[in-house]
Amino acid sequence: MTTRTVELSDPADLVAMAQCMAIDADAFPYPSAQFGSRAESACRWVAREESEGRASRVVGFLAGRVRRGALHVEGLAVEVGSRRLGVGRALVRACVDFAREEGLRAVGLHVSVANHAAIALYEAEGFDVAGKVRGFYPPAAFGGESDALEMRLRLRGR
């Protein structure tokens, strides 16, 4: 039997950080987050998969920072074999729950205009498009598409 859990990651857990970096390298053409950062503002959630007889392993992550009363998502990625199984959604919900518990006013992020699956996920979780940022990503990052959507979920002070 396989179970999945989502938890805040301990920056001292070097195995989890290495697994996150491997997932990140596979998902993005450049590092999406600073995994070694021990800044107080840094928040990282990991989704782990546990199977009988096997140690748990990281199958996805969400990395963000708290700045100016909001949580800013820097990166979210799920390993290829675990995509479309609710891992990304569970990570987004864990980060939003944390932001609410901390009394933050919003959760914000940037996503490539070409990443339709991610945009659909964020919209389904209540995020709205706040604007389009031209040239946000390096030109070769997402098949030549460099524009990003700025998306935001307001938690209070609507």
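All heavy atoms count here, side chains included; hydrogens, waters and symmetry mates do not.
The two residues Leu91 and Ala47 come nearest to each other via the heavy atoms CD2-N, 3.9 Å. Listed here is the closest heavy atom pair of Cys20 and Val46: SG-CG1, 3.6 Å. The two residues Ala94 and Val6 come nearest to each other via the heavy atoms CB-CG1, 3.6 Å. Nearest heavy atom pair, residue Ile119 against residue Val113, reads CD1-O, 3.8 Å.
If you chain together hydrophobic residues whose side chains sit under 4.5 Å apart, Leu85 and Phe61 never meet in one group. Cluster membership for Val15 and Met21, using ILVMFWY side-chain heavy atoms within less than 4.5 angstrom, is not shared.
Salt-bridge annotation for Glu102 and Arg100: absent, with no side-chain N of the basic residue lying under 4.0 Å from a carboxylate O of the acidic one. The residues Glu7 and Arg44 are annotated as not salt-bridged, no charged nitrogen and carboxylate oxygen being separated by less than 4.0 angstrom. Remark: Glu125 engages Arg93 in a salt bridge, criterion side-chain N to carboxylate O under 4.0 Å.
Within the model, atoms CG of Asp128 and CG of Leu149 stand 11.5 Å from one another, a figure rounded to the nearest 0.5 Å. The CG atom of Leu109 lies 11.5 Å from the CD atom of Glu74; values are rounded to the nearest 0.5 Å. The distance from atom CZ of Arg84 to atom CG of Leu121, rounded to the nearest 0.5 Å, is 9.5 Å. Put simply, CG on Leu153 and CG on Leu104 are 11.5 Å apart, with the number rounded to the nearest 0.5 Å. Taking OG from Ser32 and CG from Leu62, the interatomic distance works out to 9.0 Å, rounded to the nearest 0.5 Å. Taking CD of Glu49 as the reference point, atom OG of Ser56 lies at 10.0 Å (rounded to 0.5 Å).
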Residues Phe28, Ser112; criterion side-chain contact (heavy atoms from CB on, under 4.5 Å); working and verdict
CA-CA 11 Å; Phe28 297 107; Ser112 170; over 6 Å; no
Under the side-chain contact (heavy atoms from CB on, under 4.5 Å) criterion, do Glu79 and Val59 qualify, and how do the steps go?
CA-CA 5 Å; Glu79 72 176 11; Val59 296; 3.4 Å; yes
Between Val129 and Arg152, is the side-chain contact (heavy atoms from CB on, under 4.5 Å) condition met? List the steps.
CA-CA 6 Å; Val129 175; Arg152 189 171 304 130; over 6 Å; no
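Looking only at atom types and distance, the side chain of Arg48 has no donor-acceptor partner in the side chain of Thr5 under 3.5 Å away.
Looking at heavy atoms from C-beta onward, Val133 lies out of side-chain contact with Asp147 at the 4.5 angstrom threshold. Using a 4.5 Å cut-off on side-chain heavy atoms (C-beta onward), His110 and His72 make no contact.
Ring geometry, Phe98 versus Trp45: the interplanar angle exceeds 60°, so the pair is classed perpendicular (tilted spans 30 to 60°).
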